[in-house]
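Throughout, protein chains are lettered first and strands after them, A, B, ... in sequence-line order, and every chain is numbered starting at 1.
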Number of protein chains: 2
Amino acid sequence: MDERKRRVLEALITDYIATAEPVGSRTLSRKYHLGVSSATIRNEMADLEELGFLEQPHTSAGRIPSDKGYRFYVDQLMQPDRLHTDDIARIRVAYRARMREVQWFIHQTARLVSELTAYPSVVLAPGVDEAKLFDVRVLPLGRDAVLLVMQTDAGIIQNHTVSLPGGFDMAELKALAAEFTLQFRGVSIKELKDRIGDPVAGDVSRYRGLWQGALQWMAAVEGDDDKVTVAGPLNILNYPEFRDVDKVRRVLGFLEQEAAIDQWAQSWPADGVQVMIGAESLVDDIQDCSVVTATYRVGPYVVGRLMVLGPRRMHYARVIAIVQAVSEELSQALNWA
Amino acid sequence: MDERKRRVLEALITDYIATAEPVGSRTLSRKYHLGVSSATIRNEMADLEELGFLEQPHTSAGRIPSDKGYRFYVDQLMQPDRLHTDDIARIRVAYRARMREVQWFIHQTARLVSELTAYPSVVLAPGVDEAKLFDVRVLPLGRDAVLLVMQTDAGIIQNHTVSLPGGFDMAELKALAAEFTLQFRGVSIKELKDRIGDPVAGDVSRYRGLWQGALQWMAAVEGDDDKVTVAGPLNILNYPEFRDVDKVRRVLGFLEQEAAIDQWAQSWPADGVQVMIGAESLVDDIQDCSVVTATYRVGPYVVGRLMVLGPRRMHYARVIAIVQAVSEELSQALNWA
DNA sequence: TTTAGCACTCTGGCGCAGGGAGTGCTAACA
DNA sequence: TGTTAGCACTCCCTGCGCCAGAGTGCTAAA
């Protein structure tokens, strides 16, 4: 793999990313001043194909990069773009607002990333599973309904309206909430799921249903709800590789499977920017896509990820730079929030 | 418009809804026992075309219904299906759960409708704009953050975390919330938007930013957020008229414009099941679609709507029945909730 | 080692013919 | 007078062959 092969491969991938058309030797020698003739490039391309970096759709077409080719490009050839100052400004401005809930930042991030990249984006919100219960409170809402408010150590707040037909005794409920807080403070939500059946001190008989419902809700419903935010899914329709409705269906269908995406993301390495090319994602429905993902933090802890989904010939250099910059900015914003 | 013409038109539309193929006279005489020969049907079809109920894609193709044809079919010929007992059971079961927030019912409804009809569905949640403020409370969350909880007379509860760097005086905040409640109870959220600047009695100087932010949030952000719920958008991909990516883009793009949908829905007549065929919707992006919509109530008041979006050759009889049944069931569920 | 030249291959577009589906018209029939 | 059978005609769709264009691989010369 000498220097010239590297340059040919880089030029070819650059061109293919821009045009989505198989690239021929003549095109390369004309558009990129490689200093050699098309015949030489032809030989290099034949070698690169033999090495598995390129593929030929059919005998008399140009070459396109293989997954391996993209991988080499991402790891060895490309370097992340320097973002345009406009883009940088846009990222800064996006988080300027104060007094917002975490969920607002998540939405904002998803929209921002999909607009900057022109690909669909996904943001995974901090999970509540790992968070530890901090306290539970109850607010009367009327004659026969209360609002349960749960706070975790990560500062995440969940709340839920519960109706109690037949009314309730507020003092009793308050005591119960205090008791509950005392007993379960510091227990992770995940663990709480297994302890739904635990007896709670105090007179719970009347409100057993309430607690069980509330716990189920805390543990299950709200835990996964809103965890995955998708923005700009229709961006995928702008790329010629998705002119086919069946391919579109698979990708958009995948983006609707929020629970599956969440679970899938659990298996990824912990930190930093990752790139998955084509089949590397191990997900059938997005074999024709690449994924670029980065984590974000609250303090020192990784709490969530953002990702960009695009065709395999994604504009990696730019997307990586954006994802990197946004994840840092988001981490900062969350630290201040 | 004699009886035979009506029967021919009905048969033709039924067939076209099922097959999406232009229907010829021979097909009609074979599949539907109309008691006359294909030649006679041909004559009737020519008449129906002249009257504007049918169209011909090209000279030697069968006929397809025009918008006017569908309109006549919906108004005069068709009657809503009797739902299968399975479907009825499914609708009943969907709302059986208790102790749920309004938003849960909305999501449930959207999913249910899109699954039953196999078309995309949209549900408009009760607006908060018309709701009147009932009370505002504040809960301490830690050293420098509080949770604002706002309740309206419609029983809608919104809440919002606000950070107050530098700490706060809880007693003062509580008094302020009480004061605020006193002053604005009974004022609609819509009105509240215009009165954000109103002075509040008590010492607000320290917390002015808090109130302004909170009000802005109540009035603007949460008011429109989540108001429109879409389910099953990809169902549209199953219909051959949307095999073209550009058409898909327009329809799915429309379904993403939640604010626009909300506004659009404001202009519809108040109550009952409505059908809009093709251009009748007055929305460019869904000229190739029909819409079936129904309202639902809390007590005697219409508070929201659900709608089904499908190709013009929608299965009106079934969809109308479903939309009708679901809207009634939802109204009941909300009355009990 | 590089390059020019050339024969070869494959795709995609175009024109054309034939089959099929459906129509409209005409004339016969009840 | 309304209905039907028959028939010529129209138009779409499909498959086929052909050709131009793009690109390759190989060979031979620089």
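Residue-environment remark: CD (B:Gln266) exceeds the threshold of 12 foreign heavy atoms within 6.0 Å. Counting non-hydrogen atoms of other residues, nucleotides and ligands closer than 6.0 Å to CZ of B:Arg30 gives a total above 12. Around CD of B:Gln263, the count of heavy atoms belonging to other residues, nucleotides or ligands within 6.0 Å does not exceed 12. In the displayed structure, A:His58 atom NE2 is contacted under 6.0 Å by more than 12 heavy atoms of other residues, nucleotides or ligands.
Regarding B:Glu21, its CD atom lies at a distance of 12 Å from the C1' atom of D:dC12, rounded to whole Å. With rounding to whole Å, B:Arg30 atom CZ is found 18 Å from D:dT4 atom C1'. We find that CG of B:Asp2 is positioned 14 Å from C1' of D:dT3, with the value rounded to whole Å. Atom CG of A:Leu28 is separated from atom P of D:dA22 by 16 Å (rounded to the nearest Å).
A:Tyr70 and A:Phe53 have their aromatic ring centers separated by at least 6.0 angstrom.
For the residue pair A:Asn238 and A:Tyr119, no side-chain donor N or O sits within less than 3.5 Å of a side-chain acceptor on the partner. A donor-acceptor pair shorter than 3.5 Å can be found between the side chains of B:Ser290 and B:Tyr316. In this model, no donor atom of one side chain and acceptor atom of the other lie less than 3.5 Å apart for A:Arg305 and A:Thr295.
Taking both residues in full, the closest heavy atoms of A:Ser114 and A:Asn235 are given as O-ND2, 3.3 Å, listed atom of the first, atom of the second, then distance.
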For nucleotides 17-21 of chain D, list the nitrogen or oxygen atoms of the protein found under 3.5 Å from its nitrogen or oxygen atoms, one pair per line.
none

Measure all distances between protein nitrogen or oxygen atoms and nitrogen or oxygen atoms of nucleotides 28-30 of chain D, and list the pairs falling under 3.5 Å.
none

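Nucleotides of DNA chain C lying under 4.0 Å from heavy atoms of chain A occupy a range whose first and last members, 5' to 3', are C:dT2 to C:dT11.
Applying the salt bridge (Lys or Arg N to Asp or Glu O under 4.0 Å) criterion to A:Arg250, with sequence neighbours excluded, gives A:Asp285.
To the nearest 0.5 Å, the span separating CD1 on A:Ile41 from CZ on A:Arg4 amounts to 8.5 Å.
Judged purely by atom type and a 3.5 angstrom limit, A:Ser121 has no side-chain atom pairing as donor or acceptor with the backbone of A:Met307.
Of the residues in residues 32-44 of chain B, B:Arg42 come within less than 4.0 Å of DNA chain C through at least one heavy atom, sorted by number.
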Return all side-chain donor-acceptor pairs below 3.5 angstrom for residues 20-29 of chain A, not counting sequence neighbours, or 'none' if the list is empty.
from, atom 1, to, atom 2, distance (Å)
A:Ser25, OG, A:Arg42, NH1, 3.3
A:Ser29, OG, A:Arg26, O, 3.1

